Amino acid sequence: MERLPKYLARCGVASRRKAEDLIRSGLVAVNGEIVAEPGRKIDPGRDRVTVGGREIYPPEGPVYLLLHKPAGYVTTARDPWGRPTVMDLVPEKGVRLFPAGRLDLETTGLLLLTNDGEVVQALTHPRYEVPKVYEALVQGKLGKETLTKLRRGILLEDGPTLPAKVEILTVKEGNAILRITVREGRKRLIRRMCEAAGHPVLALKRVAMGPLVLGDLPAGKVRPLTPGEIEGLREILGPKGERKRIKKRKLTI
């Protein structure tokens with residue numbers, strides 16, 4: 001038996017948290033009956049599950065793609081304003097993928113696309129505290145006092161930030177390039193932190209997230225994760241034996 005939200009996540013419908021919201025909204029049915037309780041368990045081999053009237057099935061296997069997101073792309077499957085989306089860059093068209101977290105329109109860098117809801121939750125849920133590393137070109141030079149503020153936590157409109165690792169990589173034409181590591185995922189966090197510190201962001205790139213590193217992957221390009229990277233994701237999910245081992249699906253890109 002398997003909990004319904006976990007099954008929905010495994011089928012690539014949504015992360016487990018969002019799957020629970022779908023269930024509470026009355027959009028999920030098991031054997032023709034609407035389910036209202038996220039705690040419901042099913043037998044994946046026998047029960048018929050539908051979402052919005054469409055029957056869902058587990059995919060052939062999990063897919064993990066690392067994308068170097070360019071500026072000008074939105075991190076959604078479709079955009080009501082017709083802007084290009086990150087899915088336009090993905091060659092894997094036969095599987096429904098969704099991003100592990102978001103990068104705003106002008107932010108570039110590392111983005112994981114997957115159909116594994118368990119991994120998305122592990123990389124984005126606050127309790128896992130997965131480190132996310134950014135390189136930010138900010139306006140002006142930072143003094144010691146400002147660096148200390150950013151490192152200890154800075155007050156934003158939705159509360160103080162957690163302590164962050166902040167270092168100056170170089171200064172270019174009077175503007176600093178920072179490497180900032182955070183363990184929370186609030187909307188536009190890096191931009192708001194730097195703005196509050198008096199040094200607005202001029203350009204922002206995510207270069208690492210958990211065990212994943214962008215490296216020299218060109219902008220707009222996609223690659224499958226290596227076995228070692230997948231193993232690193234498995235370690236985030238918990239000790240060996242607590243969760244099913246992640247297996248890589250072979251892709252041709």
Side-chain angles (χ1 to χ4, degrees), residues 66-76 83-86 89 99-113 120-223 229 232-233 235-236:
L66 192 153
L67 167 67
H68 184 163
K69 177 192 171 298
Y73 285 77
V74 292
T75 312
T76 56
R83 295 171 296 182
T85 79
V86 293
L89 302 169
R102 293 194 175 194
L103 295 176
D104 62 47
L105 184 66
E106 294 307 317
T107 298
T108 65
L110 187 154
L111 187 67
L112 177 67
L113 302 171
V120 172
Q121 183 175 17
L123 289 175
T124 58
H125 196 285
R127 77 169 178 267
Y128 290 96
E129 294 189 348
V130 174
K132 303 169 184 68
V133 185
Y134 296 82
E135 290 183 359
L137 172 65
V138 302
Q139 191 175 79
K141 301 177 183 179
L142 281 74
K144 289 184 178 180
E145 186 177 342
T146 302
L147 280 173
T148 300
K149 268 188 195 177
L150 289 169
R151 289 166 177 164
R152 290 181 176 175
I154 196 162
L155 184 61
L156 302 178
E157 65 272 16
D158 53 353
T161 62
L162 295 177
K165 183 178 179 181
V166 184
E167 56 183 316
I168 300 175
L169 297 180
T170 187
V171 175
K172 182 180 179 181
E173 298 178 355
N175 297 317
I177 298 178
L178 309 178
R179 181 182 291 267
I180 304 174
T181 303
V182 296
R183 292 180 178 270
E184 52 183 324
R186 283 188 263 174
K187 188 175 180 180
R188 298 175 64 85
L189 178 64
I190 303 297
R191 292 183 185 276
R192 292 193 292 139
M193 285 171 61
C194 294
E195 179 78 30
H199 297 273
V201 169
L202 304 175
L204 183 64
K205 176 193 285 189
R206 183 159 65 195
V207 296
M209 180 169 62
L212 308 180
V213 177
L214 182 63
D216 58 3
L217 183 67
K221 297 299 182 181
V222 175
R223 68 166 176 81
E229 289 169 331
L233 292 177
E235 290 175 0
I236 293 174

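Since the model is a prediction, treat every value here as computed from it, not as a measurement.
For Arg183, there are no side-chain hydrogen bond (donor to acceptor under 3.5 Å, both in side chains) partners at least two apart in sequence or on another chain. For Arg191, the side-chain contact (heavy atoms from CB on, under 4.5 Å) partners two or more places apart in sequence, or in a different chain, are Asp104, Glu106, Thr107, Arg188, Val201, Leu204. Residues satisfying the side-chain hydrogen bond (donor to acceptor under 3.5 Å, both in side chains) criterion with Arg152, sequence neighbours excluded, are absent altogether.
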Practice problem: Apply side chain to side chain contact (heavy atoms under 4.5 Å, CB included) to Leu147 and Ile168, showing your working. | Solution: CA-CA 9 Å; Leu147 280 173; Ile168 300 175; 3.8 Å; yes

Practice problem: Could you check Tyr73 against Leu89 for side chain to side chain contact (heavy atoms under 4.5 Å, CB included), going step by step and ending with a plain yes or no? | Solution: CA-CA 9 Å; Tyr73 285 77; Leu89 302 169; 3.8 Å; yes

Exercise. Show your working on side chain to side chain contact (heavy atoms under 4.5 Å, CB included) between Arg179 and Leu169 and close with a plain yes or no.
Key: CA-CA 7 Å; Arg179 181 182 291 267; Leu169 297 180; 4.0 Å; yes

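Contact between Leu155 and Pro160 at its shortest, heavy atoms only, is CD1-N, 3.8 Å. Between Ala219 and Pro70, the shortest heavy-atom distance links the atoms C-CG, 4.4 Å. The minimum heavy-atom distance linking Glu184 with Leu162 is given by the pair OE2-N, 2.7 Å. Shortest non-hydrogen contact noted between Ala100 and Val120 is CA-CG1, 4.1 Å.
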Got a list of side-chain donor-acceptor pairs under 3.5 Å for residues 208-215, not counting sequence neighbours?
none

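The shortest distance between side-chain heavy atoms of Gln121 and Arg127 falls below 4.5 Å. Contact check for Lys69 versus Thr108: no side-chain heavy atoms found under the 4.5 Å cut-off.
Rounding to the nearest 0.5 Å places OG1 of Thr161 at 7.5 Å from CG of Leu150. Taking CD1 from Ile236 and CD from Glu129, the interatomic distance works out to 12.5 Å, rounded to the nearest 0.5 Å. Expressed to the nearest 0.5 Å, how far NE2 of His125 lies from CG of Leu123 amounts to 12.5 Å. In this structure, Leu66 CG and Leu111 CG are separated by 8.0 Å, a value rounded to the nearest 0.5 Å. Separating the CG atom in Leu156 from the CG atom in Leu189 is a distance of 6.5 Å, to the nearest 0.5 Å. For the atom pair SG of Cys194 and CG of Leu142, the computed distance is 7.5 Å after rounding to the nearest 0.5 Å.
When each of Leu112, Thr75, Leu67 is tested with Pro99 by the rule side-chain contact (heavy atoms from CB on, under 4.5 Å), just one qualifies, namely Thr75. The one candidate from Val138, Leu178, Asn175 that meets the side-chain contact (heavy atoms from CB on, under 4.5 Å) condition with His199 is Val138.
Within the structure, side chain to side chain donor-acceptor pair (under 3.5 Å) contacts touching residues 201-222 (residues at least two apart or in different chains) are Tyr134-Arg206. Pairs passing the salt bridge (charged side-chain N to carboxylate O under 4.0 Å, His left out) check and including a residue from residues 158-175, sequence neighbours excluded, read Asp158-Arg186, Asp158-Arg192.
The main-chain N or O of Lys144 is never found under 3.5 Å from a side-chain atom of Lys149 such that the two would form a donor-acceptor pair.
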